[in-house]
Novice: 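Mind having a look at this structure? Questions to follow.
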2 protein chains.
Amino acid sequence: MPKSHFPEIRELDLFQGMKEDHFLILMRGSYVQNFPPQIELISEGDPSDFLHIVLSGSVDLFSGWRGRETSMATVTPISTFILAATIKNAPYLMSARTLEKSRIALVPSENVRDVFEMDPLFAQAIVMELARCYRSVIKSTKNLKLRTSLERLANYLLRQQIRADNAAEFDLLIEKRRLASFLGMTPENLSRAFKSLRAYGVIVDGTRVQISDRSDLERFAKPCPLIDDQSI
Amino acid sequence: MPKSHFPEIRELDLFQGMKEDHFLILMRGSYVQNFPPQIELISEGDPSDFLHIVLSGSVDLFSGWRGRETSMATVTPISTFILAATIKNAPYLMSARTLEKSRIALVPSENVRDVFEMDPLFAQAIVMELARCYRSVIKSTKNLKLRTSLERLANYLLRQQIRADNAAEFDLLIEKRRLASFLGMTPENLSRAFKSLRAYGVIVDGTRVQISDRSDLERFAKPCPLIDDQSI
DNA sequence: GAACACGCTTGATATTTATCAGGCCTCCTA
DNA sequence: TAGGAGGCCTGATAAATATCAAGCGTGTTC
């Protein structure tokens with residue numbers, strides 16, 4: 001497939017530095033598809049046939065066990081998901097569903113493994129990406145084990161404020177029930193947690209969040225780079 | 001340093017396939033040191049000067065926040081730790097301390113990054129190792145978010161039984177207070193959890209665990225490969 | 001516009017988990 | 001051998017979190 005069909009994919013950090021003919025091998029048999037919201041793209045346990053790349057929209061990674069379900073992460077453009085399963089040729093550990101209308105590129109896992117073996121710069125880029133993902137999950141585990149649900153919410157809001165260029169007011173990017181699941185709590189508990197944070201200047205109306213005094217909230221949340229900083 | 005000083009290191013999966021002269025570059029400035037128990041080898045936040053390799057003994061990886069502390073993993077021979085921080089040249093996300101008398105090899109992080117860029121097979125091995133670590137942390141997060149502490153303990157015991165070649169009786173390899181922290185609970189709660197599992201044939205005496213009927217415990221624990229299987 | 005679905009909220013209650021305090025036992029040391 | 005420290009256990013209590021059951025509001029559909 002000619003790369004002009006989805007040129008944005010070439011911009012991915014993962015594909016920088018790799019030889020053009022290797023990139024073309026990678027793209028062989030790849031395709032882009034538009035999905036409506038709430039479509040399950042992959043199910044945990046399935047063999048990893050394709051590396052997925054979110055070009056637009058967003059995708060929820062989630063897992064289940066015995067009828068319970070939990071949201072693990074949200075993937076936004078432009079990033080890949082299930083890279084580790086692809087490389088290891090192992091079953092997916094998480095399921096994925098579109099949160100909104102999304103455009104997804106699908107690259108045959110076999111291509112990724114083939115090119116990974118022939119292109120050292122691609123292998124290096126994969127190392128960097130996997131190291132980033134690994135550290136991100138470690139931070140998330142620390143967040144879960146070291147903080148109460150109220151502290152997790154407070155720090156989540158502080159991180160979201162940074163994403164929103166430190167605006168005093170911003171919108172939640174995911175619905176509250178999913179946020180609750182992501183933070184490891186029930187929707188009811190999240191609702192009450194928002195109310196508790198009013199004591200630290202957090203005002204919530206629908207998806208709109210206003211942080212009247214960041215330093216006030218920080219005094220409670222005690223954010224810490226080794227948990228909250230996305231860039232290290 | 002001649003490799004004969006610690007030949008076992010050459011057997012690491014991570015170093016298979018790499019060129020001998022690259023291995024020698026890696027070992028330049030490396031050394032092995034014996035540590036008594038309870039020595040803090042690295043502290044979270046420190047710059048990643050050395051890749052650590054546990055040759056004998058065992059090492060606890062842990063993290064803290066606001067006076068709280070949690071055990072993240074135990075590293076046993078022969079494995080590396082803090083590979084991701086080394087590769088990214090980023091600060092450690094976890095601290096490490098010896099659990100017992102341990103022999104640790106220290107390889108300058110800079111060497112690792114240098115050789116990683118010149119030896120494609122080394123880069124590939126690092127990819128495999130990071131993918132394994134990433135998936136292992138994902139499983140651990142699923143375990144934490146989807147299961148109660150009692151379920152986590154039950155599944156932990158089932159996994160330990162497999163490690164002990166399915167013996168009906170085996171010893172806990174870490175002390176209970178650390179096991180509690182690893183499982184995300186308090187020592188008191190762990191003690192009560194062991195008592196609760198008596199209903200499913202688990203008998204504990206000191207470090208000795210007896211599982212009288214594995215299938216009985218499995219009916220409660222509902223182990224699942226996508227969380228509990230170490231090899232996928 | 002009425003009816004409905006759905007997500008969110010709230011209150012009451014139950015369960016899970018943590019904290020605190022005390023006691024037991026073992027191991028180490030003076 | 002007598003303390004003493006530390007890990008472990010137990011009971012009582014407190015805090016955190018989940019569950020259950022309404023109700024509210026908004027947006028959609030017919």
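Numbers restart at 1 for each chain; the letters A, B, ... are given by sequence-line order, proteins then strands. Just the heavy atoms: all of them, side chains too, but no hydrogens, waters or symmetry mates, feed the values below.
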Novice: Could you write nucleotides 11-17 of chain C as a row of B, S and -, 5' to 3', where a protein heavy atom under 4.0 Å of any base atom gives B, of only sugar-phosphate atoms gives S, and otherwise -?
Specialist: BB----S
Novice: Let me confirm one number: the CG-CD1 distance from A:Leu158 to A:Ile162, rounded to the nearest 0.5 Å.
Specialist: 7.0 Å
Novice: Once side-chain contact (heavy atoms from CB on, under 4.5 Å) is applied, do any residues pair with A:Asp49, and if so which ones, sequence neighbours excluded?
Specialist: A:Pro47
Novice: Keeping B:Ser58 on the side-chain end and B:Leu99 on the backbone end, is there a donor-acceptor pair under 3.5 Å?
Specialist: no
Novice: What is the distance from CD of B:Glu175 to C1' of C:dT26, rounded to the nearest Å?
Specialist: 14 Å
Novice: Scan for ring pair (Phe, Tyr, Trp, His ring centres under 6.0 Å) pairs involving residues 126-178 of chain A, sequence neighbours excluded, and state none if there are none.
Specialist: none
Novice: May I have the distance from A:Lys176 (atom NZ) to C:dG7 (atom P), rounded to whole angstrom?
Specialist: 13 Å
Novice: Side chains of residues 179-188 of chain B: which donor-acceptor pairs under 3.5 Å do they make with residues two or more places apart or in other chains?
Specialist:
residue  : atom : partner  : partner atom : Å
B:Ser181 : OG   : B:Ser71  : N            : 2.7
B:Thr186 : OG1  : B:Asn189 : N            : 3.2

Novice: Listed in order of residue number, which residues of residues 197-209 of chain B have a non-hydrogen atom at under 4.0 Å from DNA chain C?
Specialist: none
Novice: Can you measure B:Arg68 atom CZ to C:dA18 atom P for me and round it to whole angstrom units?
Specialist: 11 Å
Novice: Can you measure from CG (A:Leu150) to CG (A:Asn155) and round to the nearest 0.5 angstrom?
Specialist: 10.0 Å
Novice: What is the separation between atom CZ on A:Arg178 and atom P on C:dC6, rounded to the nearest whole Å?
Specialist: 14 Å
Novice: Give the first and the last nucleotide of DNA chain D, reading 5' to 3', that has any atom under 4.0 Å from a heavy atom of chain B.
Specialist: D:dG7 to D:dA12
Novice: Mind grabbing the angle between the end helix axes of the helix from C:dG1-D:dC30 to C:dA30-D:dT1? Five pairs an end, 10° rounding.
Specialist: 30°
Novice: What pairs with A:Leu144 under side-chain contact (heavy atoms from CB on, under 4.5 Å), at least two apart in sequence or on another chain?
Specialist: A:Arg152, B:Thr141, B:Lys145
Novice: In plain terms, say whether A:Arg147 and A:Asp228 are close enough for a salt bridge, that is, a side-chain N and a carboxylate O under 4.0 Å apart.
Specialist: yes
Novice: Can you list everything that forms a side chain to side chain donor-acceptor pair (under 3.5 Å) with B:Glu69? Sequence neighbours excluded, please.
Specialist: B:Arg97
Novice: Testing B:Leu12, B:Ile104, B:Leu14 one by one against B:Ile53 for a side-chain contact (heavy atoms from CB on, under 4.5 Å), which residue passes?
Specialist: B:Leu12
Novice: Which residues pass the salt bridge (Lys or Arg N to Asp or Glu O under 4.0 Å) test with B:Arg219, sequence neighbours left out?
Specialist: B:Asp216
Novice: Could you list the donor-acceptor pairs under 3.5 angstrom formed by side chains in residues 78-90 of chain A, with sequence neighbours left out?
Specialist:
residue : atom : partner  : partner atom : Å
A:Ser79 : OG   : A:Thr76  : O            : 2.7
A:Thr86 : OG1  : A:Ile82  : O            : 3.0
A:Asn89 : OD1  : A:Arg113 : NH1          : 3.4

Novice: What residues form a side-chain contact (heavy atoms from CB on, under 4.5 Å) with A:Asp46, not counting sequence neighbours?
Specialist: A:Ser43, A:Tyr92
